Amino acid sequence: MMELFFGMERITDHLKTFQDKLLAWYQAQARDLPWRRNPTPYHVWVSEVMLQQTRVETAIVYFQRFIASVPNIRALSELSDDHLLKLWQGLGYYRRAMYLKKAARIMVQKYHGQMPADYKTLLALPGIGTYSAGAIASIAFGHRVAAVDGNVLRVMARVTGNKNDISQLATRKQIHGFVEKLLPLESIGDFNQALMELGAKVCLPGRAPKCGKCPASQFCYAGYHKMPAEIPVKSPKRKRTIAKKTVLIMVRGQRIALQKRKKTGLLANLWELPNQAGHLTEQQCKRKLKQWGITAQTISAKGPLRHVFTHLEWRMQGYHILVSEVENATPWVWATKREIDELYSIPSAFKGFMQG
DNA sequence: AAGCCGGGGAA
DNA sequence: TTCCCAGGCTT
């Protein structure tokens, strides 16, 4: 009985109030973010790609540095992969950077170096899915389309009392369809951002939501029933596998050995310290060096260190090796600190071995 | 539909 | 530890 007074019917019956409450709250509460200062299509695009599965606080510094050194689409289309990945170093999901450049080249070739404005054309570009296409079309161009991210899924599931599994595509489509019906005729970008901002600042995951501060509390099913922790429903995650590795920090004078990773798969195209599968003992390590024709002045164990990915964990035994002599050409580049700072993008997994 | 693809902050 | 983040692509 009471349920009829919350959730979808409540919102559609008082849609104008819902929109106004949300927009007013956003006007008052919106964070001052660098991509909101001058929201050109290029700025919005770069920010949205950086923000995929990435927290706002993390993306801010990357965004500022990226825009400063790659100011427009044409510059991006001409950037070398190594410089591009260097700008992305530490941000993760490095394919995003490659898609960004690939899309920039398409824009130069097909769209006179301009961002396309409509949802469907955006959606066809690499690295732009349903969320990002909606975000760019609405925020940068004012088009009347939804932008449903993880925040919006949580907010809308709670407000409407949707207890279906939000990791299911069908549930996402259901919520996406409902948000489309809620879009105002103007300020679409602000409305979409208001829903996301609400999820990020008020309607927090788990038991943490601040329902007392929520501009939509008068509509909210989960808030009314005091069950925000029960919604949304999400199926459990898969477990991680563990891989042992031996990492070699080979130092020759002022230089350190690096190698480039494969072009596909995990950490594609990034640079790394030479490493081997399994944990080698110091003796096995020395034998390996001998095979390679390398004479070590000193060798000392470092670590072990752990690095956790989403569904993989590396357990790394490190060996710091002062190289005194090399018999033949090595398969690695010997990079100076300066070169590493400027050109070689090294994943965070190796950070603990790179100091000193 | 399920798996792959990073890294970090917070509970 | 687990969860989740302004997700997208491949199989």
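A, B, ... follow the sequence lines: proteins, then strands. Residue 1 opens every chain. Fair warning: this is a prediction, and the values are worked out from it, not measured in the lab.
- Nucleic acid contact class of A:Arg306 (heavy atoms, under 4.0 Å, all strands): sugar-phosphate only.
- Ring centroids of A:Trp314 and A:Phe309 are separated by less than 6.0 Å, placing the two rings close together.
- At a threshold of 4.0 angstrom between heavy atoms, the contacts of A:Arg36 include nucleobase atoms, whether or not backbone atoms are also involved.
- Contact annotation for A:Trp35: base contact, defined as any heavy-atom pair under 4.0 Å involving a base atom.
- Nearest to the side-chain atoms of A:Pro205 among the listed nucleotides B:dA2, C:dC4, C:dA6 stands C:dC4.
- The residue A:Ser47 sits apart from the nucleic acid: no heavy atom pair falls under 4.0 Å.
- For the P atom pair drawn from B:dG3 and C:dA6, the interatomic distance equals 25 Å after rounding to whole Å.
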### Message
Each nucleotide in nucleotides 3-11 of chain B should get exactly one letter: B, S or -. Can you fill that in based on protein heavy atoms under 4.0 Å?
### Response
-BBBBBB--
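- Residue A:Leu125 is in sugar-phosphate contact alone, with no base atom involved, counting any heavy-atom pair closer than 4.0 Å across all strands shown.
- Cation-pi geometry between A:Arg65 and A:Tyr62 is met: under 6.0 angstrom from the ring centre, within 45 degrees of the axis.
- Salt bridge absent: A:Lys86 and A:Asp341 never bring a charged side-chain N and a carboxylate O closer than 4.0 Å.
- For A:Tyr131, taking side-chain heavy atoms from C-beta onward, the closest of the listed nucleotides C:dG8, C:dT2, C:dT1 is C:dG8.
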### Task
Begin from the C-alpha positions of A:Thr54 and A:Arg96 and carry the test side chain to side chain donor-acceptor pair (under 3.5 Å) through to its verdict.
CA-CA 12 Å; A:Thr54 305; A:Arg96 292 183 293 175; 3.1 Å; yes
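- Using modelled atom types, one finds no donor on one side chain facing an acceptor on the other under 3.5 Å when comparing A:Asp82 with A:Ser80.
- When hydrophobic residues (I, L, V, M, F, W, Y) are linked wherever their side-chain heavy atoms come within less than 4.5 Å, the members clustered with A:Ile321 are A:Leu248, A:Met250, A:Leu289, A:Trp292, A:Ile294, A:Ile299, A:Tyr319, A:Val323, A:Val326, A:Trp332, A:Trp334.
- Atom P of C:dT11 sits at a distance of 16 Å from the matching atom of B:dG6, rounded to the whole Å.
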